[in-house]
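Letters A, B, ... are given to chains in the order of the sequence lines, protein chains preceding strands, and every chain is numbered from 1. What's counted below: heavy atoms across the whole structure, side chains too, no hydrogens, waters or symmetry copies.
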Amino acid sequence: MTEPDEGTRVEAAKASPDAFGELYERYVDRIYNYIYHRVGNVHDAEDLTSRTFYRALSHLSGYENKGVPFSAWLYRIAHNLVANWHRDRGRRPVVALDDVVLRARADMHPESVVESNDETRLLSEAIERLEGVRRELLVLKFAEGLSNAEIGAIMGRSEGAIKSLYHRTLLALRKDLSKRGVKVE
Amino acid sequence: MMASRSGLIRALQRALGAIDGAWWWGEGLMREAGLLPRTRAPLEPLEDVVQETLRPVEPSETFRQSLRSDLAFAAHQRSAGLIIERPRPFRQGLILGIVFGFLAILGTTLLIAFWPRQRVTSTRP
């Protein structure tokens, strides 16, 4: 029995409240993960995740796949909420590594080590100093594990542009780290 | 007009992205061919460290279940046609404006009607 595709799930969710729960289960981890790495704390991540899904529920009837998959639409809602959050606070949060509790997803190797050494903290702070678009790219690529094409759909850019932006982002990150005496080999 | 301007901006962004992508691809090719110096160290070690830093996190089970039931309730409310309306300040302002306008007209009318006037007395011989 083949699994229903995303379009079928979305149409089912429009018609049935219970079907929206399936969509929620499918994407809640990813959206939470994305938001957490953008805002840096559990409380705001939970708040913004809730708002993302409430907004998705209220606008679901208006969603149509015109080249933008549902997952990308959901990420855009999350992105806009995070952008508003940053604007309202006027600050760039720093991820407190001591507060991070890492739990591996079922489809990943079971690692639960919290790393809080100086190099990791410096790297985390360097990522926070990056321009918003670059930071978002790293979160989508590494924390979410998305391909360049998927990232391009979310950020509204071509795959080639994402590759180029990724390359420049890593160079900028390395330059920032070397300025602070951190060498990554 | 707005739609064509945003379409133009999107097209320009795509074109710039394509040029940027082609530039990067060409630069990489030239470095591989030795036409440009390979002054930059490989980025793989940095990618590995970034991957370690940005490891996936999961929400707590309490939060996940709580939000799921809240959303289920909201979804059923919506399907039953019950929508909680957000406060609309503009509509409230309009209603207040109409009421005050009506009161102002009424007050002016009453004022004109009962304002003591000089009575013209006829002076017939």
Side-chain angles (χ1 to χ4, degrees), chain A residues 13 15-21 24-25 28-30 32-33 36-37 42 45-46 49-50 53-54 57-58 60 95 97 100-105 108 111 115 119-120 123-124 127 138-139 141-145 152 156-165 167-168 170-171 173-174 177 184-185, chain B residues 6 9-28 31 39-86:
Chain A
S16 156
D18 294 325
F20 184 80
Y24 164 79
E25 287 296 338
V28 63
D29 283 1
R30 291 166 64 176
Y32 176 85
N33 184 44
Y36 177 83
H37 283 289
V42 171
E46 288 181 350
T49 300
S50 301
F53 282 98
Y54 269 104
L57 176 62
S58 64
L60 190 64
V95 174
L97 289 181
V100 169
V101 176
L102 301 178
R103 278 184 285 257
R105 290 201 297 217
M108 292 180 69
E111 293 172 22
E115 292 190 22
E119 285 79 19
T120 310
L123 179 60
S124 180
I127 291 171
L138 290 185
V139 169
K141 193 158 188 72
F142 290 101
E144 294 291 293
R157 300 185 183 211
S158 68
E159 195 175 340
I162 294 299
K163 276 185 196 168
S164 172
L165 180 63
H167 185 75
R168 289 203 307 272
L170 289 183
L171 290 175
L173 195 58
R174 186 165 64 186
L177 286 169
V184 179
E185 291 174 358
Chain B
S6 65
I9 290 170
R10 251 182 268 127
L12 275 170
Q13 280 176 337
R14 266 189 243 120
L16 284 170
I19 293 168
D20 196 36
W23 179 273
W24 171 81
W25 177 80
E27 185 192 339
R31 286 194 194 280
T39 55
R40 292 174 183 161
L43 292 169
E44 287 83 6
L46 181 59
E47 285 178 316
D48 294 338
V49 179
V50 173
Q51 179 69 80
E52 280 298 303
T53 306
L54 292 176
R55 279 195 275 175
V57 296
E58 282 184 355
S60 70
E61 197 55 37
T62 313
F63 166 75
R64 193 205 301 265
Q65 293 298 337
S66 161
L67 179 55
R68 185 182 173 134
S69 26
D70 290 346
L71 285 168
F73 178 75
H76 278 100
Q77 292 288 88
R78 281 181 66 83
S79 70
L82 297 171
I83 298 171
I84 299 169
E85 201 176 62
R86 288 182 295 115

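Using a 4.5 Å cut-off between heavy atoms, A:Glu25 contacts chain B through its side chain alone, with no backbone atom that close. A:Ser16 does not touch chain B: none of its heavy atoms, backbone or side chain, sits under 4.5 Å away. Using a 4.5 Å cut-off between heavy atoms, A:Ser158 touches chain B through its side chain atoms alone.
Annotation for B:Pro56 and A:Ala143: closest pair CG-O, 3.6 Å, computed over non-hydrogen atoms. Between B:Pro59 and A:Asp29, the shortest heavy-atom distance links the atoms CD-OD1, 3.4 Å. Listed here is the closest heavy atom pair of B:Ser60 and A:Glu46: OG-OE2, 3.9 Å. Closest non-hydrogen pair, B:Arg55 versus A:His37, comes out as O-NE2, 2.9 Å. Across all their heavy atoms, A:Leu170 and B:Leu46 have their closest contact at O-CD2, 3.3 Å. The two atoms that bring B:Ala75 and A:Leu57 nearest to each other are N-CD2, 3.8 Å, heavy atoms only.
For the pair A:Tyr54 and B:Asp70, the minimum side-chain heavy-atom distance is below 4.5 Å. Put simply, the side chain of B:Phe63 does not reach to within 4.5 Å of the side chain of A:Val42, judged on heavy atoms. Using a 4.5 Å cut-off on side-chain heavy atoms (C-beta onward), B:Leu54 and A:Glu144 make no contact.
Options A:Ser58, A:Ala13, A:Ala15, A:Ala45 differ in how many heavy-atom pairs under 4.5 Å they form with chain B, and the most are formed by A:Ser58.
Judged by distance alone, the side chain of A:Tyr24 and the main-chain N or O of B:Arg64 form a donor-acceptor pair under 3.5 Å.
Once rounded to the nearest 0.5 Å, the distance linking OG1 of B:Thr53 with CZ of A:Phe142 reads 9.5 Å.
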